[in-house]
Amino acid sequence: MKHAPARRRSALVLTAAALLLAGCGNVQSALLPAGVEAQKVADLFFVMAIGAFIIWIIVIAIAIYATLIHPGKHDARKARGLIIGGGVILPVIVLTSLLVYGLALMPELRKPPARDGLRIAVSGEQWWWRVRYLLPGGDEVELANEIRLPAGKRVEFELSSPDVVHSFWIPALAGKVDMTPGRTTTLSLTPTETGIFRGACAEFCGASHALMNFSVVVMKPGEFEEWLQGQAEPAATPREPLAMRGRNAFLFNGCGACHAIRGTSAIGKVGPDLTHVGSRLGIAAGTLATEPADFRDWMTRPKAIKPEVHMPAFGMLSDDELHAIAAYLDGLK
Ligand code: CUA
């Protein structure tokens, strides 16, 4: 009888631990770093966590000694020594060392890349990410909700926001930095492993704050260059009749007032650039995939998917038009 609750408790602890570990896939984990800066942040975390655990053990041991092992009156001089040693001298030493260690990380974390290094401007908007690659010649390549990076190369992000405060965070690659209206903040990082990671907004920014994510794809440098060249190209004109009808319906129904598709008359700047939207891993800031059904879903009921989103619903479009536009967008690779 006595063992049943204990067994249940250990089962609970095991389940909690398993869930915790399952949540730590390295797609979005600051504890499984895939970049130079994230590694430093993780090291700092482990130093603090292990240090805190050791100090906790010592405090508990002293408490057990004072209450259970030796509960009587204690020698006044020894007690004063413990208070001054453990309450003043030890914290000063521990906190000063932590401060020195933490400050020493700063210059490395804030170091910008070489002058001709990769620069990407990211703007946090309600509730998506405008991503602009700032090319050396002054040209720009714009996309949305997806950032691709070359492994082993340092990159600098210029972060801003046109509406409210957002916070740019790719846990596996670096610490987080606020995106503040009216000013530009910077974040430098060097990814070390190829793979797909997840970034998120880390500052409450309104109804759909929790639905403001983005994909980060770290590629081999050669593949990255090829990808960036492809993104700089205008959209291909579709050949299939369905997608061709979709292109016409997209332009005729005024989608181009908010969205740009380079190479067409759609030059809107309010919403995401859709030039190569079919090649992305997701739309609507990580809430939907990029299959035709997702595009249709998003066009007909955006506010049900993402509360208070600025994109209006296009429920007035016929089924044929919706299918055609979805086929067109899906084909924009
Ligand atoms: Cu943007 Cu939270």
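Everything numeric here is computed off the predicted structure, so don't read it as measured data. Whatever order the structure lists them in is the order used to number ligands and atoms, beginning at 1.
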Checklist entry - With atom 2 (Cu) of ligand 1 as the point of reference, which N/O/S atom of H209 is the closest? => result ND1
Checklist entry - How is the N/O/S atom of E203 that comes nearest to atom 2 (Cu) of ligand 1 named? => result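 Looking at E203, the N, O or S atom with the least distance to atom 2 (Cu) of ligand 1 is O.
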Next on the checklist: Closer than 2.8 Å to atom 1 (Cu) of ligand 1: does that hold for any N, O or S atom in M179?
Outcome noted: no
Checklist entry - Hey, what's the ring geometry for H259 with F250, parallel, tilted or perpendicular (30° and 60° as the breaks)? => result tilted
Checklist entry - Which single N/O/S atom of H166 lies at minimum distance from atom 1 (Cu) of ligand 1? => result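 The nearest such atom is ND1.
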Next on the checklist: So, taking the atom named NE2 in H70 and the one named CD1 in I62, what distance separates them when rounded to the nearest 0.5 Å?
Outcome noted: 14.0 Å
Item to check | Approximate separation, where rounding is to 0.5 Å, of I83 CD1 and K78 NZ | outcome: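 Rounded to the nearest 0.5 Å, the CD1-NZ separation comes to 14.5 Å.
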Next on the checklist: Other residues, nucleotides and ligands only: do more than 12 of their heavy atoms fall within 6.0 Å of CG on L90?
Outcome noted: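 Check passes, neighbour count above 12.
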Checklist entry - What do you reckon, is NZ of K303 surrounded by more than 12 foreign heavy atoms closer than 6.0 Å? => result yes
Checklist entry - If atom 1 (Cu) of ligand 1 is the vertex, what is the angle to SD of M212 and SG of C205, rounded to 10 degrees? => result 110°
